[in-house]
Amino acid sequence: MEKISQVLHDDFIGKSVAVRGWVYRIRTSKKLAFIIIRDSTGIIQAVANSERLSEKIFSDLSSLKVESSLSIEGIVRKDERSVAGYEIDIVSAHVFQNNDKFPISRDLGEEFLLDNRHLWLRSREMTAVTKIRSTIFKAFSDFYYSRGFYQVQPPLMVSTATEGGSTLFKVPFFGDEVNLTQSSQFYLETFIFSLENVFTISPSFRAEKSRTWRHLTEYWHAEAECAWIGNEEMMNIEEDMIRYIVEKVLESNIPELKELGRDIEALRKATAPFPRIRYEKLIEMANSFGLDLKYGDDLGADEERKIMVHFDTPIFVTHFPRELKTFYHMPDPGNPNVILCHDLLAPEGYGEIVGGGERIWDLQTLEQRMKEYNLNPEEYYWYLDLRRYGSVPHSGFGMGLDRVALWIMHLDTITNAIPYPRTVRRTKP
RNA sequence: GCCGUUGUAGCUUAGCUGGUAGAGCACUCGGCUGUUAACCGAGCGGUCGUCGGUUCGAAUCCGACCAGCGGCGCCA
């Protein structure tokens with residue numbers, strides 16, 4: 001039994017092969033049936049010729065419908081007339097299931113395809129998306145393993161908030177209540193005292209009623225935390241990591257990128273060095289692009305889009321004003337009104353994909369900041385304990401892998417970048 | 001939380017100023033072809049989101065309700 005992509009080579013010409021898969025397209029006539037068969041590796045055209053097959057087999061094959069499953073044996077021929085350039089003359093066939101009409105045909109609406117995502121998953125587009133995601137997820141882990149990081153598994157059910165309490169999902173818990181995690185950062189920080197450098201890929205949940213092209217309520221959060229390093233060094237590592245992911249996709253997924261119509265040269269440009277721009281400089285720059293921002297304004301989706309069409313690579317934006325970020329960020333010793341943090345904005349208008357920076361590691365400063373944010377120190381006793389026993393400078397980041405996938409594939413909405421999107425209005429299929 | 005929009009066959013849709021519905025895809029049958037999202041002919045398939053109102057007459061106008069979609073904010 002061969003995989004279809006294997007068969008698409010001159011080595012197989014004239015040889016007998018067996019492939020199995022699903023009917024991708026079928027066209028029939030009295031004497032011939034053209035069946036395009038799909039498996040996980042690709043598509044190939046097979047021809048059933050009534051003169052060479054028994055009447056039974058020919059009529060069985062002719063009556064197949066899209067997505068029927070079968071296996072065939074036949075002789076490979078090079079043929080310009082076939083979609084993939086090669087063709088199999090069917091000698092024998094076995095039909096596993098000749099199904100009823102497949103619900104998905106052409107000219108379909110976005111909503112219908114989302115309702116039928118379990119079936120649409122078989123489409124060439126979704127196959128390309130899921131293959132590229134696989135590369136991205138693997139590349140992320142591989143990168144950190146190669147740097148000597150440990151992968152850790154934080155809890156998903158938690159009793160404390162990381163960002164704001166209003167966006168937490170509450171889940172019943174033995175008569176009590178627990179939250180679904182929004183970020184594993186605090187737990188990752190607990191690991192650095194034994195492992196120093198750690199990462200995780202785990203889901204995060206946000207109960208924000210966001211209805212935008214780049215928000216999911218359940219998304220794949222890639223996070224890392226490193227002992228002994230500061231904001232600058234953290235950015236160096238992230239830059240290498242992003243570049244590694246893009247390179248791996250370019251190495252492994254050119255056919256899939258083409259399938260999605262991705263401008264591959266534009267993606268290749270993203271592997272150049274990433275500019276680092278201080279927040280206040282970025283405001284000036286944005287205004288020179290025609291925006292109207294003042295110091296202290298946060299960057300909205302429109303602003304990020306308008307800024308990022310001017311860059312080929314992602315850019316780091318650093319030194320945000322304190323008020324724009326949450327409590328655990330380290331103030332800049334040179335200017336305590338700004339913090340040692342960074343956002344990474346993806347090019348081609350995609351905007352924020354990473355948020356990170358140096359963490360406050362001094363107990364007093366952290367306690368004071370928590371007071372300013374009205375957080376109860378008792379709930380965070382374990383987080384504060386980290387600053388009591390052998391505290392060290394450290395930095396980390398969180399990256400939305402689905403957003404990275406969205407940008408790398410140049411799709412128009414995040415729901416197309418994940419197989420089963422969970423949004424404020426969708427939990428099916 | 002705010003703003004905007006849509007609801008007509010399984011799916012994608014046409015239907016302007018009111019005269020009780022047309023098409024493409026899918027499916028079935030037939031024809032034809034080395035076909036490429038094939039093509040040609042026929043068939044199947046719709047109480048036009050729901051309820052109420054105006055009218056001789058409502059998919060079309062009005063009202064209420066229901067459901068869906070898009071964008072912003074929030075963030076990754």
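Because the structure is a prediction, the values reported are computed rather than measured. Lettering of chains follows the sequences in order, A, B, ..., and the numbering in each one begins at 1.
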Crowding at CG, D292(A) (>12 non-hydrogen neighbours, <6.0 Å): no
Residue E372(A) excluded, over 12 heavy atoms near CD under 6.0 Å: yes
Sugar-phosphate, base or nothing in reach of R124(A), heavy atoms under 4.0 Å: nothing
5' precedence on RNA chain B between S210(A) and L401(A) (nearest-nucleotide basis): S210(A)
Every protein N/O within reach of nucleotides 65-71 of chain B N/O, cut-off under 3.5 Å:
from   : atom 1 : to      : atom 2 : distance (Å)
C69(B) : OP1    : E111(A) : OE1    : 3.2
C69(B) : OP2    : R425(A) : NE     : 3.2
G71(B) : O6     : R211(A) : NE     : 3.3

Touch class at under 4.0 angstrom, heavy-atom based, for I104(A) against every strand present: nothing
CZ (F137(A)) with more than 12 external heavy atoms under 6.0 Å: yes
Cationic N near anionic O, under 4.0 Å, R243(A) to E247(A): no
Spacing of the P atoms in C40(B) and G24(B) (rounded, Å): 9 Å
Atom pair distance, as rounded to whole Å: CD in E352(A) and P in A76(B): 5 Å
Integer angstrom distance from the C1' of U55(B) to that of U13(B): 29 Å
Touch class at under 4.0 angstrom, heavy-atom based, for F112(A) against every strand present: sugar-phosphate
Nucleotide nearest V47(A) when distance is taken to its side chain, options C75(B), G34(B), A37(B): G34(B)
Sugar-phosphate, base or nothing in reach of S82(A), heavy atoms under 4.0 Å: base
Between G57(B) and U20(B) - P atom distance, rounded Å: 14 Å
Spacing between E225(A) atom CD and A76(B) atom C1', to the nearest angstrom: 15 Å
Rounded distance in Å - CZ (F137(A)) to P (A76(B)): 17 Å
Sugar-phosphate, base or nothing in reach of D79(A), heavy atoms under 4.0 Å: base
Neighbour count above 12 (heavy atom, 6.0 Å) for D100(A) CG: no
Euclidean distance for P, A9(B) against U60(B) (whole angstrom): 15 Å
Touch class at under 4.0 angstrom, heavy-atom based, for K65(A) against every strand present: sugar-phosphate
Presence of R403(A) side-chain N/O under 4.0 Å of A76(B) phosphate oxygens OP1/OP2: no
Spacing of the P atoms in C66(B) and C29(B) (rounded, Å): 46 Å
Nearest-angstrom distance, C1' atom, G7(B) to U50(B): 11 Å
K209(A) side chain, from C-beta outward: closest of G1(B), U35(B), A76(B): G1(B)
Nucleotide C75(B), atom C1' - distance to CZ of F320(A) in whole Å: 12 Å
F140(A)-Y144(A) aromatic ring centre distance below 6.0 Å: yes
Whole-Å gap separating P (A26(B)) and CD1 (I26(A)): 13 Å
Sugar-phosphate, base or nothing in reach of V354(A), heavy atoms under 4.0 Å: sugar-phosphate
Check ion pair K306(A)-D302(A) (N to O, under 4.0 angstrom): no
Integer-rounded Å distance: G45(B) P and K101(A) NZ: 12 Å
Sugar-phosphate only, base, or nothing, as touched by A301(A) at under 4.0 Å among non-hydrogen atoms: sugar-phosphate
Any donor-acceptor pair under 3.5 Å from N49(A) side chain to E51(A) backbone: yes
Backbone N/O of P331(A) and side chain of R322(A): donor-acceptor pair under 3.5 Å: no
Plane angle bin for F169(A) and F205(A) - parallel if under 30°, tilted between 30 and 60°, otherwise perpendicular: perpendicular
Whole-Å P distance, G31(B) and G68(B): 47 Å
Donor-acceptor list for residues 339-350 of chain A side chains, cut-off 3.5 Å, not counting sequence neighbours:
from    : atom 1 : to      : atom 2 : distance (Å)
H342(A) : ND1    : N231(A) : OD1    : 2.8
H342(A) : NE2    : E238(A) : OE1    : 2.9
H342(A) : NE2    : E238(A) : OE2    : 2.7
D343(A) : OD1    : K325(A) : NZ     : 3.0
D343(A) : OD2    : K325(A) : NZ     : 3.0
E348(A) : OE1    : R262(A) : NH1    : 2.9
E348(A) : OE2    : R262(A) : NH1    : 3.2
E348(A) : OE2    : R262(A) : NH2    : 2.8
E348(A) : OE2    : W407(A) : NE1    : 3.4
Y350(A) : OH     : L411(A) : N      : 3.3
Y350(A) : OH     : L411(A) : O      : 2.6

F102(A) CZ to U28(B) P, straight-line distance once rounded to whole Å: 15 Å
Nearest-Å distance once atom C1' is located in both A59(B) and C51(B): 16 Å
Ring-base stacking, F34(A) with G34(B) (5.5 Å, 30° cut-offs): no
Pairing annotation in dot-bracket form, given for RNA chain B with Watson-Crick or G-U pairs under 3.5 Å and | for cross-strand partners: (((((((..((((.....[..)))).(((((.......))))).....(((((..]....))))))))))))....
Between E223(A) and Q185(A): side-chain donor-acceptor atoms closer than 3.5 Å: no
Whole angstrom value for the distance that separates C1' of C25(B) from CZ of R27(A): 15 Å
